[in-house]
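For reference, the structure discussed in these notes is given below.
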There are 2 protein chains.
Amino acid sequence: MKLSTTGRYGLRAVLDIALQDGNEAVALSQIAERQGISLNYLEQLIARLKKSGIVSSVRGAQGGYKLALPVESISVGDILRALEGDLNPVDCPEFTGVSGNCNNADLCVTKYVWKRISDSINSAVDGIMLSELVEESRKVQVMTGASDQNRSKQTC
Amino acid sequence: MKLSTTGRYGLRAVLDIALQDGNEAVALSQIAERQGISLNYLEQLIARLKKSGIVSSVRGAQGGYKLALPVESISVGDILRALEGDLNPVDCPEFTGVSGNCNNADLCVTKYVWKRISDSINSAVDGIMLSELVEESRKVQVMTGASDQNRSKQTC
DNA sequence: TTTAATCTATATTAATTTACTCGGTTATAG
DNA sequence: CTATAACCGAGTAAATTAATATAGATTAAA
């Protein structure tokens with residue numbers, strides 16, 4: 001029941017772009033360095049974010065990525081689902097809508113549990129906008145006098 | 001972000017015991033057969049449940065397992081945490097209380113996200129009592145005329 | 001006191017997933 | 001043209017998960 005590095009790294013990457021906030025595209029290599037994530041790996045993560053319309057890309061020299069929407073319009077839920085797929089605790093076809101073969105659908109009671117967990121996770125992350133994280137991040141940076149340079153590798 | 005079979009099988013096993021509800025212990029081999037789970041594997045799961053005080057065992061011939069508490073006093077959260085460990089989406093020492101070395105603790109903003117997800121999951125599962133599942137299960141069985149015999153292998 | 005049925009513990013294996021790495025292609029600013 | 005940076009597909013090593021297997025200890029009924 002853990003989020004993979006995909007979700008953790010990816011969210012940090014989006015937040016990184018949001019914090020640069022100029023109109024210029026942010027190069028992946030810079031994000032990779034600041035966040036201590038492998039560039040090659042980051043490419044795979046950002047591809048999912050692009051596919052979901054969260055970031056847009058500018059190709060070629062001086063290119064990079066920028067947010068496709070204002071920070072107030074992007075929820076953490078959007079980001080995490082883009083990265084991790086759905087946020088359901090089980091692959092139960094009964095409530096995910098995917099046509100599957102749960103041959104015990106009518107007898108299965110635990111699906112109510114999975115549904116409640118799923119709903120609570122999704123409403124939690126949908127209630128957090130990227131703008132909140134940006135604000136919070138700015139506060140923290142002012143308080144600690146932190147800069148990109150003294151930011152070290154993160155464990156979570 | 002998926003629950004493992006440990007959590008899924010284990011919850012079903014506890015519910016199975018609750019539904020037998022006599023004062024007699026339920027043999028693991030019976031649960032294994034009814035739920036379509038390997039006996040050896042089930043033994044590992046039930047051990048965690050016993051360790052957490054959710055079930056108690058009766059050894060020897062005619063032995064088995066029974067609930068250590070009334071169904072109204074056991075929450076799905078208790079069961080899932082016994083099986084899966086914590087239900088936190090990340091191993092962030094900042095909010096799990098475990099003394100760890102998050103060298104970016106003061107700069108890390110995503111931890112607020114993880115904390116909110118964690119809280120929502122835990123309050124969701126703590127709000128579901130085993131008694132609810134038992135009730136729901138009885139309703140379903142009456143409606144469908146289901147018996148143990150026609151219960152087939154479940155996928156979720 | 002057998003004997004059957006159960007719980008307990010540990011070790012091994014197979015399958016799957018995760019977390020990357022690598023090599024190359026395409027596009028664009030300067 | 002050339003440097004830079006996005007894009008793409010495949011491959012791989014490590015870790016985790018899901019079992020399976022083995023051996024033994026405990027208990028209670030016959």
Side-chain angles (χ1 to χ4, degrees), chain A residues 1-13 16-17 20 23-52 54-68 80 83-86 89-91 153-156, chain B residues 1-13 17 20 24-33 35-52 54-66 68 83-85 89-91 153-156:
Chain A
M1 199 57 179
K2 293 273 184 279
L3 232 40
S4 68
T5 54
T6 306
R8 303 203 314 277
Y9 290 180
L11 178 57
R12 274 163 51 198
D16 187 293
I17 295 173
Q20 307 307 315
N23 271 1
E24 287 123 43
V26 183
L28 267 196
S29 56
Q30 291 171 31
I31 303 175
E33 200 182 353
R34 271 195 296 267
Q35 302 293 334
I37 304 169
S38 140
L39 174 62
N40 284 313
Y41 193 39
L42 196 51
E43 282 175 347
Q44 295 173 27
L45 311 188
I46 205 92
R48 300 187 198 193
L49 293 165
K50 192 191 169 187
K51 201 174 164 189
S52 298
I54 290 168
V55 300
S56 59
S57 67
V58 178
R59 300 192 63 164
Q62 317 307 320
Y65 291 91
K66 48 176 85 170
L67 299 179
L80 291 181
L83 292 161
E84 298 261 342
D86 63 65
V90 295
D91 292 322
K153 195 160 186 171
Q154 297 180 334
T155 53
C156 68
Chain B
M1 200 58 181
K2 293 274 183 279
L3 232 39
S4 68
T5 54
T6 306
R8 303 204 311 278
Y9 291 179
L11 178 57
R12 274 163 51 198
I17 295 172
Q20 307 307 314
E24 287 123 45
V26 183
L28 220 46
S29 57
Q30 291 171 31
I31 303 175
E33 199 182 354
Q35 303 293 335
I37 304 170
S38 140
L39 174 61
N40 283 314
Y41 193 39
L42 195 53
E43 283 175 344
Q44 295 173 31
L45 311 188
I46 205 91
R48 302 188 197 193
L49 293 164
K50 192 188 170 188
K51 199 175 166 189
S52 298
I54 290 168
V55 300
S56 58
S57 67
V58 179
R59 304 192 61 165
Q62 318 307 321
Y65 290 92
K66 49 175 85 171
L83 292 160
E84 299 261 342
V90 295
D91 291 321
K153 193 161 187 171
Q154 297 181 333
T155 54
C156 66

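Chain letters run A, B, ... following the sequence lines, proteins first, then strands; residues in each count from 1.
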Measure [atom1]/[X] against [atom2]/[N] and give the value in whole Å, please.
| X | N | atom1 | atom2 | result |
| --- | --- | --- | --- | --- |
| K2(B) | dA18(D) | NZ | C1' | 17 Å |
| Y65(B) | dT27(D) | OH | P | 13 Å |
| Q44(B) | dT22(D) | CD | P | 15 Å |
| L28(A) | dC7(D) | CG | C1' | 10 Å |
| Q30(A) | dA6(D) | CD | C1' | 14 Å |
| K51(A) | dG9(D) | NZ | P | 11 Å |
| L39(B) | dA21(D) | CG | P | 12 Å |
| K66(A) | dA5(D) | NZ | P | 15 Å |

Just checking [X]: base, sugar-phosphate only, or nothing, at a heavy-atom cut-off of under 4.0 Å?
| X | result |
| --- | --- |
| I46(A) | nothing |
| K50(A) | sugar-phosphate |
| A27(B) | sugar-phosphate |

Over all atoms of both residues, closest heavy-atom pair of [X] and [Y]:
| X | Y | result |
| --- | --- | --- |
| E24(A) | K66(A) | C-CE, 4.4 Å |
| G63(A) | A25(A) | C-CB, 3.9 Å |
| R8(B) | L3(B) | NH1-O, 3.5 Å |

Original post:
Just the endpoints, please: which first and last nucleotides of DNA chain C, 5' to 3', lie under 4.0 Å from a heavy atom of chain A?
Top reply: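 Going 5' to 3' along DNA chain C, contacts run dA19(C) to dA29(C).
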Subject >> Heavy-atom donor-acceptor pair, R12(B) side chain to Q35(B) backbone, under 3.5 Å >> reply: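 Checking the backbone N and O of Q35(B) against the side chain of R12(B), a donor-acceptor pair under 3.5 Å is found.
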**OP:** Could you grab the distance from atom CE of M1(B) to atom CE of M1(A), nearest 0.5 Å is fine?
**Re:**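 One gets 4.5 Å once the value is rounded to the nearest 0.5 Å.
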Subject >> Gap separating the OH atom of Y65(B) from the CD1 atom of I31(B), nearest 0.5 angstrom >> reply: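 The CD1 atom of I31(B) is 9.0 Å from OH of Y65(B), to the nearest 0.5 Å.
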**OP:** Within residues 55-62 of chain A, find the residues that approach DNA chain D with a heavy atom at under 4.0 Å, and present them sorted by residue number.
**Re:**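 Correct list: S57(A), V58(A), R59(A), G60(A), A61(A), Q62(A).
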**OP:** Tell me which nucleotide among dA18(D), dT20(D), dA6(D) gets nearest to the side chain of S4(B).
**Re:**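 Taking heavy atoms from C-beta onward, the closest nucleotide is dA18(D).
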Subject >> Intermediate values then yes/no, side chain to side chain contact (heavy atoms under 4.5 Å, CB included), I17(A) and Q30(A) >> reply: CA-CA 10 Å; I17(A) 295 173; Q30(A) 291 171 31; over 6 Å; no
Original post:
Run the side chain to side chain contact (heavy atoms under 4.5 Å, CB included) check on L39(A) and L28(A) step by step: do they pass?
Top reply: CA-CA 7 Å; L39(A) 174 62; L28(A) 267 196; 3.7 Å; yes
**OP:** Look at Y9(B) and dA19(D) and indicate whether a side-chain polar atom (N or O) is within less than 4.0 Å of OP1 or OP2.
**Re:**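 Checking dA19(D) against Y9(B), a side-chain N or O does come within under 4.0 Å of OP1 or OP2.
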Original post:
So, is Y41(A) close to the dT12(D) phosphate, meaning a side-chain N or O under 4.0 Å from OP1 or OP2?
Top reply: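 So the side chain of Y41(A) is outside the cut-off, no N or O lying under 4.0 Å from OP1 or OP2 of dT12(D).
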Subject >> 5' priority, DNA chain D, between N40(A) and S38(B) [closest heavy atom] >> reply: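 The answer here is N40(A).
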Name the atoms and distances for all side-chain donor-acceptor pairs under 3.5 Å in residues 42-52 of chain A, with sequence neighbours left out.
residue: R48(A); atom: NH1; partner: L83(A); partner atom: O; Å: 2.6
residue: K50(A); atom: NZ; partner: S57(A); partner atom: OG; Å: 3.1
residue: S52(A); atom: OG; partner: R48(A); partner atom: O; Å: 3.1

Subject >> 5' priority, DNA chain C, between A47(B) and T5(A) [closest heavy atom] >> reply: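 The residue whose closest nucleotide sits nearer the 5' end is A47(B).
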**OP:** Check whether the side chains of S4(A) and E84(A) place a donor and an acceptor atom closer than 3.5 Å, and report yes or no.
**Re:**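 S4(A) vs E84(A): donor-acceptor pair found between side chains.
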